Amino acid sequence: MIDLIILLTLLLLGYGFGHYAEKKHYKDIIQREKALRNLPSVSSKVLPPITQMDNELVSGNVVISVDYFKRFLAGLRNIFGGRVTSYETLLDRARREAILRMKEQAHAMGAKLIFNVKMETSSIYKGRRNSVGSVEILAYGTALIPKQH
Amino acid sequence: MKYSNPLPAEGINTTPTHPLKEFLLLSGGLIGVIAIFIFVVGFFAEKFAHYIPFETEVSISQSVASTMSGQQGEVQVWLQQLADELASAQNLPEDMSITIHYVNSDTVNAMASLGGHVVMFRGLLEKLGSENAIAMVLAHEVAHVHHRHPIQTLGRGAVISLALAAIGVSSSDAGQILGTAGLLTELTFSRHQEQQSDFTALRSLYHHYGHVGGATDLFEMFLKEEGDAIPRMTFFSTHPLSENRIVRIKAYAVEQSWPLSGQLVAVPENIRERIRADAERAVPEKSKEAAETIDAGA
């Protein structure tokens, strides 16, 4: 009985805080994406035909933790199969946040374009039982900065 | 070449399902599956009892076994030996073991419980004239264990918790349920179960002695004494007695062409003496009460 109460409390806390954090994060992401629209980041490897540009490596990195509720939901999904929707938003947020951080760095350098953008995803706490997992996403690319005259 | 970044469209990489809705759906499904499992197990409780490993029964009955205080001694060793011989005569599966508890009490009863624990009271042993008659009682209780009657009788709840314990879910709870129920020592088997055990006991008696003489001694003795003022016999309430039962046992033996009478084996003299000594040592409950009354009066 006590186990059940602890479980329900953790689920409730996980859902409450997780949901609140996610909502807040999405609002923030959408707002910043709008602000940085004028700085395109593309995955093309071919250098655009603009010369007289400096190249700089820029990167953005983020670690987001899954909450108890999401993990529980994913655990239930493991039984029945199907899309693990509770992790979808987690990865979506992490990817967009990583790109935004990269863009913010490039923007501070005065870059006009980031090309050859790549992403790396890794799971922290991988394989450790009874630990709430976290996901790390790294976005990196080459920023093209107009030469200062 | 012109590069531009459109604003990412929402809801492409994520599914717009509300997490709570998914949670309710999935947990509801899981609970439903468990409920169906429990329902099915409960429905076929009697049949499933045979598939519950005997080890599970033993591990759960451990807490209860400690409350059945048996007396280590000559009588218990003798009874244990006899029970083991009878168990092998009725081909008791190897993983099942019988543990005899001899209790020095006036209670005229014997009973079988979870985990192969069989309790024999001195009161009953005193009434039985030959080893064959004692063997019949022992074989009957062993047969209860053999046919998994204790588990079946504890009902669906017990079968379900034992089944769950067998697959590794909350085995501690299962023990608690059984322990608190307090049913273990008051198991009452159904008429069908009693009959099944009678027949199995007869078979082992035949295999052990070559005849089934003395099998009905106990019941006949009870029938004779029924009119007399005998102390309350618990054996009556837990082992429904009727003339039919004797008739059925005899008919079964005739059907199997087992000799109804033969050379009866006497109870060893040292065992008989020990039982007598135990009887003298045990203070009869009535006189104890009387003594207390006198004390209070004085």
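What you see is a predicted model, and the numbers here were worked out from it, not measured in a lab.
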- Message: I'd like to know whether CZ of A:F17 has more than 12 heavy-atom contacts from other residues, nucleotides or ligands below 6.0 angstrom.
- Response: no
Which answer fits [X], side chain, backbone, both or neither, if we ask what part of it has an atom under 4.5 Å from a heavy atom of chain B?
X: A:I30; result: side chain
X: A:L11; result: side chain
X: A:F115; result: neither
X: A:L76; result: both

- Message: Less than 3.5 Å apart, any donor N or O on the side chain of B:T15 or A:E88 sitting next to an acceptor on the other?
- Response: yes
- Message: Run the ring-ring contact (aromatic ring centres under 6.0 Å, His included) test against A:Y87 and tell me which residues pass, sequence neighbours left out.
- Response: none
- Task: Please list, chain by chain and in numerical order, all residues satisfying ring-ring contact (aromatic ring centres under 6.0 Å, His included) with B:H147, sequence neighbours excluded.
- Result: B:H149
- Who wins among B:L30, B:L26, B:T17 for the most heavy-atom pairs under 4.5 Å with chain A? B:L26
- Greatest number of heavy atom pairs closer than 4.5 Å to chain B - which of A:R95, A:E33, A:K34, A:R77: A:R77
- Message: Please identify, among A:Y26, A:F72, A:F69, the residue contributing the most non-hydrogen atom pairs under 4.5 Å to chain B.
- Response: A:F69
- Below 4.0 angstrom, N of the basic side chain to O of the carboxylate: do A:D92 and A:R96 qualify? yes
- Within a strict 4.5 Å, meaning less than it, do heavy atoms of the A:R83 and B:E22 side chains meet? no
